[in-house]
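Start at 1 with the first residue, then count along the sequence. These values consider heavy atoms only, across backbone and side chains, with no hydrogens, waters or symmetry-generated copies. When a ligand or atom number is given, it counts from 1 through the structure's own listing order.
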Amino acid sequence: MAKIRIHEIAKELGSSSKKILEKAKELGFAVTTVSSAVSPEDAAKLYDYVQSGIIPESKQAKKSTTKQPVKEEIKSQTKQVDIKEEAKVSKPETKIVAPKQPEIKEEQKIKDESKSETLANSSLTKRRGLVIVKKKKDEHPKVEKSSNSTMINNKALESMFGSGDDSFKKKKKEKKQFQATKKESSSKIDLMGLSEFGDDIVIDDEDVVVLPDLTVKPIETERTQTNKKPLNVYKPAQNNGFNFEGGIQRSSRKKHKKVVKDNQNESVVSVDIPKEIRLYEFADKIKKSPSEIISKLFMLGKMTTKNDFLEEDEIEILGAEFDIEINIVDTQEEFDYVKAYEDEDDLHAESRAPVVTIMGHVDHGKTSLLDYIQNSRVASGEAGGITQHVGAYMVEKNGKNITFIDTPGHEAFTAMRARGASVTDIVIIVVAADDGVKPQTKEAIAHAKAAGVPIIIAINKMDKESANPDLVKTGLAELEIMPTEWGGSHEFVPVSAKTGMGIEDLLEIVLLQAEILELKANPNREAKATIIESSLQKGRGPVATVIVENGTLKVGDTIVAGVAFGKVRALSDDKGRSLKSIRPGECGVLIGLSEVPEAGETLISVKSDKEAREYAQKKYEYLRQKELSKSTKVTIDELSAKIAEGELKNLPVIVKADVQGSLEAIKASLEKLRNDEIKVNIIHSGVGGITQSDISLASASQNCVILGFNIRPTGEIKEKAKDKAVEIKTYNVIYNLLDDVKALLSGLMSPVITEEDLGQAVIRQVINVPKIGQIAGCMVTEGIISRGAKIRVIRDGVVVFEGNISSLKRFKDDAKEVAKGYECGVGIEGYNDMREGDYIESYKEVENRAEI
Ligand SMILES: Nc1nc2c(ncn2[C@@H]2O[C@H](COP(=O)(O)OP(=O)(O)OP(=O)(O)O)[C@@H](O)[C@H]2O)c(=O)[nH]1
């Protein structure tokens with residue numbers, strides 16, 4: 001075989017002859033000049049060496065080249081097995097070198113690419129238009145490998161086009177290096193079983209090839225998008241590889257957290273929260289936005305506004321939600337003048353007068369009893385004979401004072417009775433000996449028991465012939481009120497308010513009981529009293545009946561009672577005699593307050609006007625805010641209930657009364673007047689006469705009525721009411737007021753429709769009249785058949801039709817009605833299926849006014 005000269009090889013390789021000569025020498029070829037020639041095999045080795053720079057095979061190649069014939073010759077010799085095998089391993093390439101020169105070039109190209117790839121590895125991810133594909137190991141001849149590479153190339157492209165996802169993943173993979181927001185699954189592209197394709201980008205240049213990446217556009221698009229990322233709300237969601245829902249929510253929370261954290265850096269780990277706090281104030285205290293609080297509460301089923309007051313449990317839950325330790329502080333203490341009063345030590349205490357409440361069923365004689373005790377005629381002066389308001393009276397017995405609270409017997413005063421019992425030391429329950437235990441007797445006992453006060457039973461009307469004290473005793477025994485003679489612990493005193501029988505005994509038992517109770521108070525300090533009733537009196541202003549619990553109330557004292565405050569201008573007893581002071585356990589009437597205090601309110605004497613004003617103002621502000629808050633704060637349940645209420649018809653009323661006690665009683669009774677369809681809606685109420693603004697308010701509300709109790713409208717007010725067509729109704733007996741309202745409500749209710757049967761007729765014959773239809777020949781069997789009335793057709797006891805009569809004739813004449821025992825012809829509107837033997841029933845619908 002012709003030898004090849006070094007310079008020829010150099011020429012072919014595009015290198016200098018000198019360099020190739022050196023390379024040949026390095027391979028140990030016997031060459032001296034560039035004109036020296038080498039065998040084609042050696043030339044191939046030289047090619048390889050120059051191109052790859054790898055020597056190893058040089059000597060071996062030499063060896064094997066020289067030994068090849070030997071190997072072939074001694075193929076069968078076992079001694080040569082090692083060499084043969086070695087040769088086998090190292091040979092394949094050699095064998096195909098010559099015919100495969102172009103392939104070598106191709107491989108070289110690939111290698112060049114690989115090399116450039118290797119160089120590019122560090123900056124690989126910045127490149128576009130190239131995809132790194134892992135090469136298969138050199139197990140196959142290079143031709144195949146080369147074609148394989150082409151195939152891989154094709155397959156890769158195919159895969160990229162066919163499965164956009166995969167290529168996308170690949171891109172993500174690359175992108176990941178410079179943007180870590182998208183954590184996509186890093187699944188690998190499986191090309192021709194090359195499961196590691198697309199794996200980590202740490203590339204061994206022997207094993208990879210770089211392929212053109214035709215998916216460059218999407219990548220660019222995505223990159224552009226990526227660059228715009230800051231606006232992307234889903235950003236955190238992409239980060240967490242879970243579900244979107246959670247992702248979005250978490251994202252927002254996370255985002256918030258970040259913002260809040262900055263705020264929180266101002267430290268909110270533990271905070272003092274006042275008991276009464278509005279939502280926005282709370283938000284401010286815990287460094288959150290009100291909307292965050294509102295949405296938290298909304299999740300808990302509470303609809304709130306930022307001005308609403310939060311309830312204690314809401315505050316606690318919110319604290320837990322935001323992980324903040326909350327100490328609830330009671331700010332009411334600020335204006336809790338009662339507590340401030342009680343906090344002061346009471347070292348000195350003297351015995352005081354007992355406060356007694358008389359309770360009992362209506363007409364059992366409470367007022368008569370008190371009247372007798374007082375030696376006056378209170379009962380006779382009362383309108384309708386019913387006590388209208390709570391009064392307090394004082395009597396003297398054996399040089400000691402006893403204060404009585406007279407609670408009205410009407411059921412409407414239940415609430416006030418309960419209140420009366422709470423300031424009471426002893427309760428006398430009056431039971432008429434001729435009537436026994438009645439519902440209000442039971443109620444009174446329940447109140448007294450609840451207040452935990454001793455009960456004395458006065459069996460009244462003992463003068464009556466029908467008096468049966470045992471009836472009272474057995475009735476009360478059922479309520480666990482046992483007389484002492486039956487082994488119980490309650491005193492039963494038979495009395496007569498009419499004759500005065502037993503009344504002295506009753507008073508003595510009261511004093512005895514008071515002694516047992518050891519009632520004590522300190523008369524030498526500021527007064528603490530309870531408002532029993534209050535009213536606005538012309539020329540006197542707000543007037544309040546009080547019972548002093550502790551201390552002494554004196555004229556000139558600075559006082560506060562709820563939102564009312566002032567100086568005691570005058571004090572008087574129940575008979576109007578002026579007093580200088582009222583001692584503990586005693587009662588009296590005072591004037592001097594800034595406004596009408598609520599019945600049941602505690603009154604305290606304070607040291608300065610400023611103090612009194614501050615307390616009152618703070619309480620006023622507190623109540624006002626509370627009221628405002630109450631009107632806006634609704635739970636979801638309440639909301640739906642309110643919507644349902646919209647269906648409810650209501651009677652708007654304005655109630656005005658002379659005294660607070662009556663007003664409360666009327667309001668309580670009116671609120672009870674309701675059913676599923678209607679209710680009374682008290683749009684305004686107050687103590688005092690009817691004012692211009694009451695009229696304006698009433699005229700602004702449709703169908704509003706002004707109800708006055710023990711008050712009369714003056715000429716001017718009357719005029720205005722007439723002008724504005726506002727109805728004013730005044731009363732001096734509660735029953736009458738309630739009856740009238742009931743009647744008004746009944747008018748609002750849908751009428752009750754009832755049926756009135758008129759009569760029945762049996763059909764004996766049915767004839768068809770052309771153009772008219774069926775006419776039934778009937779015999780009236782009961783009552784009458786009336787033409788104007790409604791009818792129903794009854795067949796075998798079953799109603800088969802209901803409607804109206806179209807014609808009713810007696811012989812040939814039209815008839816208005818046909819009575820029992822007569823025959824008639826009946827035509828029915830729109831009904832032509834009458835049969836012999838059917839009954840026709842005639843009836844009338846009557847509308848009755850509904851009553852509540
Ligand atoms: N015979 C007799 N009649 C009495 C006695 N006590 C009261 N009455 C009469 O019973 C009626 C009701 O008496 P009141 O004192 O008004 O009864 P009340 O329990 O105060 O009634 P209210 O104020 O409506 O709660 C009056 O007609 C009294 O004259 C009594 O001891 N004997």
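Of the heavy atoms in Lys498, both backbone and side-chain atoms come closer than 4.0 Å to ligand 1. The parts of Thr367 lying near ligand 1 are both backbone and side chain, judged by heavy-atom distances below 4.0 Å.
Applying the side chain to side chain donor-acceptor pair (under 3.5 Å) criterion to Thr714, with sequence neighbours excluded, gives no partner residue.
Heavy-atom proximity to Lys366, at under 4.0 Å, picks out these atoms of ligand 1: 15 (O), 17 (O), 18 (P), 19 (O), 20 (O), 25 (O). Near His361, meaning under 4.0 Å from one of its heavy atoms, ligand 1 places the atoms 19 (O). Near Asp463, meaning under 4.0 Å from any of its heavy atoms, are these atoms of ligand 1: 1 (N), 2 (C), 30 (C), 31 (O), 32 (N). Near Lys464, meaning under 4.0 Å from one of its heavy atoms, ligand 1 places the atoms 1 (N).
Annotation: Gly365 places an N or O atom under 3.5 Å from an N or O atom of ligand 1; distance criterion only. Of the polar atoms of Ala497, at least one N or O is found under 3.5 Å from an N or O of ligand 1, judged by distance alone.
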Inset, instruction - Begin with the C-alpha distance, continue with both residues' side-chain angles, and end with the deciding distance and a verdict on side-chain hydrogen bond (donor to acceptor under 3.5 Å, both in side chains) for Ser696 and Lys720. - result: CA-CA 9 Å; Ser696 309; Lys720 190 168 182 187; 3.2 Å; yes
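Remark: Glu485 engages Lys473 in a salt bridge, criterion side-chain N to carboxylate O under 4.0 Å. Salt bridge status for Asp740 with Lys729: present, with a side-chain N to carboxylate O gap under 4.0 Å.
Not one N or O on the side chain of Thr424 forms a donor-acceptor pair closer than 3.5 Å with the backbone of Val427.
Side-chain contact between Arg674 and Val680 is absent, with no heavy-atom pair separated by less than 4.5 Å.
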Solution key, residues 452-469 side-chain donor-acceptor pairs under 3.5 Å, sequence neighbours excluded:
| unit_1 | atom_1 | unit_2 | atom_2 | d |
| --- | --- | --- | --- | --- |
| Asn460 | OD1 | Ala497 | N | 3.0 |
| Asn460 | ND2 | His364 | O | 2.9 |
| Lys461 | NZ | Asp363 | O | 2.8 |
| Asp463 | OD1 | Ser496 | OG | 2.7 |
| Lys464 | NZ | Asp434 | OD2 | 3.0 |
| Asn468 | OD1 | Asp470 | N | 3.3 |
| Asn468 | OD1 | Leu471 | N | 3.3 |

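Using a 4.0 Å heavy-atom cutoff, Ser496 is listed among the residues neighbouring ligand 1.
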